[in-house]
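Here's the structure, in C-alpha cells; my notes come after.
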Amino acid sequence: MVKLGHEVVGIDVDAAKIDLLSRGEATFFEPALPELLREAVQSGRLTFSTDPAAVRGSTVHFVSVGTPQKAGSYAADLTYVDAAVEGLLPHLAAGDIVVGKSTVPVGTAERLAAMIEPSGAILAWNPEFLREGFAVKDTISPDRLVYGLPEDPRESEKARTALDEVYAQALAAGTPLVATDYATAELVKVAANAFLATKISFINAMAEVSEAAGADVTQLADAIGYDARIGRRFLNAGAGFGGGCLPKDIRAFTARAEELGRGEALNFLKEVDAINLRRRDRVVQLVVEALGGSAFNKKVAVLGLAFKPDSDDIRDSPSLDVAVRLNGLGARVVATDPEAIANSQRMHPQLVFGTTDEALRDADAVVLVTEWDEYRTLDPVAAGQVVASRLVIDGRNCLDSEAWRDAGWKYVGLGRK
Ligand code: UGA
C-alpha cells in the first residue's frame, strides 16, 4: 500500500511480529517482500502498532486477518475477523471506509456492515487473490479488482470512490474491475479457489486413471491444455494442493452451502477434497512399493516441505505430510527445504532435517515433493554419485524423466511413464 502511494499503519495483536515489522523485518519468507518492507519502513510512511487506537486518522481500514478452519468442523472460524472489527469500532469516524479482505462465508459482510453502522463508517468487501510466492507482484499489479459495495447508492458511491483512490495506480494501468454487491464479492473469492482446487483434482483424477491404463498424465495435460478453453495452468498432477487457502476454503464453502440449504450444489467439492488427500497416500505407497514393500530402516531423502515453492508456509502441506508419514513407517527420513525447515521443525520435532546434500547422502530413495527450482534442476549424474540407490519418486512430475533414467535412476512419477 505504501508502494501504491499511501501512508499506512499496520495493527496486529502479536507484539513479537509488530516488533520485527517495525524494524523492517518480514515475519515469513516471501520473495521481494523484505526489500519492499525495509524501503517502506525507512520512508516513514509505514508504521506498526499493537494498539488499535493507532488507526485513528486513517480513513480506509483493511481487515485482513485469517479465517482458518474451525476445530472439529468444516466451517470457517470467524473469531479473528469479528475481533478485528470489534477492535476497530471505538476508533472509527463517520465516513471512514472499512474494507474486508479476509476470505469469509457469504453473508458475513452483511452482518459486519450492521455491526459498524452505528459508527457512521461504511463497509466494502474487496477479496484478495494474491498467490504466495508472488504476493508482491500480485498486490502491486493485480489481475483484477473486485469491490463488494453497500446497497445504499450514496454509501456505495463513497466506498467506491475511496477504493478507486486506493487502487488508482492499478486502475490507471487498466486492471479490470468488477463492482458488485457484498454477497457476490464474497462468493467470487471462494468460487475462484474452488475452481482452482477442482482443476488440480481433475488432473490428479486423470493421473489415477492414467496410471492404471498405462497412459501419461503430463502429456495428457499438455494436450488438453492447448485448448484455450481449458488452459495448461493448474493442470500439474502430483502430491496435490495444500496451504492455508485452497483446502480450508473448499471445506468452508461446502459448510456454508449446507447452511444455505444448497449443500447438494457443492457435493462435488467433497470429492475434490478426497481426490486431493488420496495423492499423499499414493506418494507414500509408491515410495514403499519402490523400496520393495517396506520403508523400515531405509534412508529416504524428502526434498521439499513447504506447500509450494518460494514459500516457507507449511500449513496443510502435502510435502510435510509425506515426510511425517514415511517417518511413521520407520523410514530414516532426512527432510530438507530451502526455507521451510524452521517452521517444520517447530511442528514436527520428531523429524530429522538437513541440507540437500545431507538428505541425498546414502539415501535409498529420493522423494521430491515441493518443486523448488533447486530440486527441479538437480543434476541426476551428480546426485547419483552420493545416494545409496538411484531411486527417485517425483511427487510433482517436474523432473526430466528421460535425463534421470539416462543417468541410471529408476524414475517413478505420478500417473506418468
Ligand atoms: C491460492 C490461490 O491461487 C490465490 O489466487 C488465492 O488468493 C490464495 O490461494 C488465497 O486464497 O489466499 P496459494 O495458496 O498461494 O494461492 O497457492 P496456489 O498457487 O493456488 O497453490 C495451491 C496448491 O496447489 C499448492 O500446494 C500447489 O503445489 C498446488 N498445485 C498448484 C498443484 O498441485 N498443481 C497445480 O497445477 C497447481
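Between the side chain of Ser344 and the backbone N or O of Ala340, at least one donor-acceptor pair lies under 3.5 Å. At distances below 3.5 Å, at least one donor-acceptor pair connects side-chain atoms of Asp337 with backbone N or O atoms of Leu305. Side chain of His6 to backbone of Val166: a donor-acceptor contact under 3.5 angstrom is found. Side-chain atoms of Glu128 never come within 3.5 Å of backbone atoms of Ser102 as a donor-acceptor pair (strictly under, hydrogens ignored). Under a 3.5 Å cut-off, the side chain of Thr108 and the backbone N or O of Pro105 do form a donor-acceptor pair. No donor-acceptor distance shorter than 3.5 angstrom exists from the side chain of Asp364 to the backbone of Lys298, with no hydrogens or angles considered. The backbone N or O of Gly5 sits less than 3.5 Å from a side-chain atom of Arg45, completing a donor-acceptor pair. In this structure, the side chain of Arg390 does not engage the main chain of Gly408 through any donor-acceptor pair within 3.5 Å. At distances below 3.5 Å, not a single donor-acceptor pair connects side-chain atoms of Ser49 with backbone N or O atoms of Ala54. When atom types are taken as modelled, the side chain of Ser317 and the backbone of Leu320 share a donor-acceptor pair closer than 3.5 angstrom.
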Steps toward side-chain contact (heavy atoms from CB on, under 4.5 Å) verdict (Thr139, Val136): CA-CA 5 Å; Thr139 303; Val136 169; 6.0 Å; no

Which is it for Leu368 and Cys398 under the side-chain contact (heavy atoms from CB on, under 4.5 Å) test, yes or no, and what are the steps along the way? CA-CA 9 Å; Leu368 191 164; Cys398 65; 3.8 Å; yes

Using the side-chain contact (heavy atoms from CB on, under 4.5 Å) rule, take Lys299 and Val334 through it: C-alpha gap first, then chi angles, then the decisive distance, then the call. CA-CA 7 Å; Lys299 177 168 175 188; Val334 178; 3.7 Å; yes

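Considering all non-hydrogen atoms of both residues, Phe307 and Arg315 come closest at CB-O, 4.1 Å.
Using modelled atom types and a 3.5 Å distance limit, the side chains of Thr184 and Asp181 yield a donor-acceptor pair. No hydrogens or angles considered: a donor-acceptor pair under 3.5 Å links the side chains of Lys248 and Thr67. A donor and an acceptor atom, one from each side chain of Asn276 and Arg279, are nowhere located under 3.5 Å apart. A side-chain donor-acceptor contact under 3.5 Å links Thr356 and Glu374. Side-chain contact annotation: Arg416 with Tyr411, donor-acceptor N/O pair under 3.5 Å present.
Relative to the six-membered ring of Phe129, Arg144 meets both conditions, a distance below 6.0 Å and an angle of at most 45° to the axis. For the pair Arg131 and Phe134, the distance from NZ or CZ to the six-membered ring centre is under 6.0 Å and the angle to the ring normal is within 45 degrees.
Salt-bridge annotation for Glu259 and Arg256: present, with a side-chain N of the basic residue lying under 4.0 Å from a carboxylate O of the acidic one. Salt bridge status for Lys3 with Glu39: present, with a side-chain N to carboxylate O gap under 4.0 Å.
Ring geometry, Trp372 versus Phe29: the interplanar angle falls from 30° to 60°, so the pair is classed tilted.
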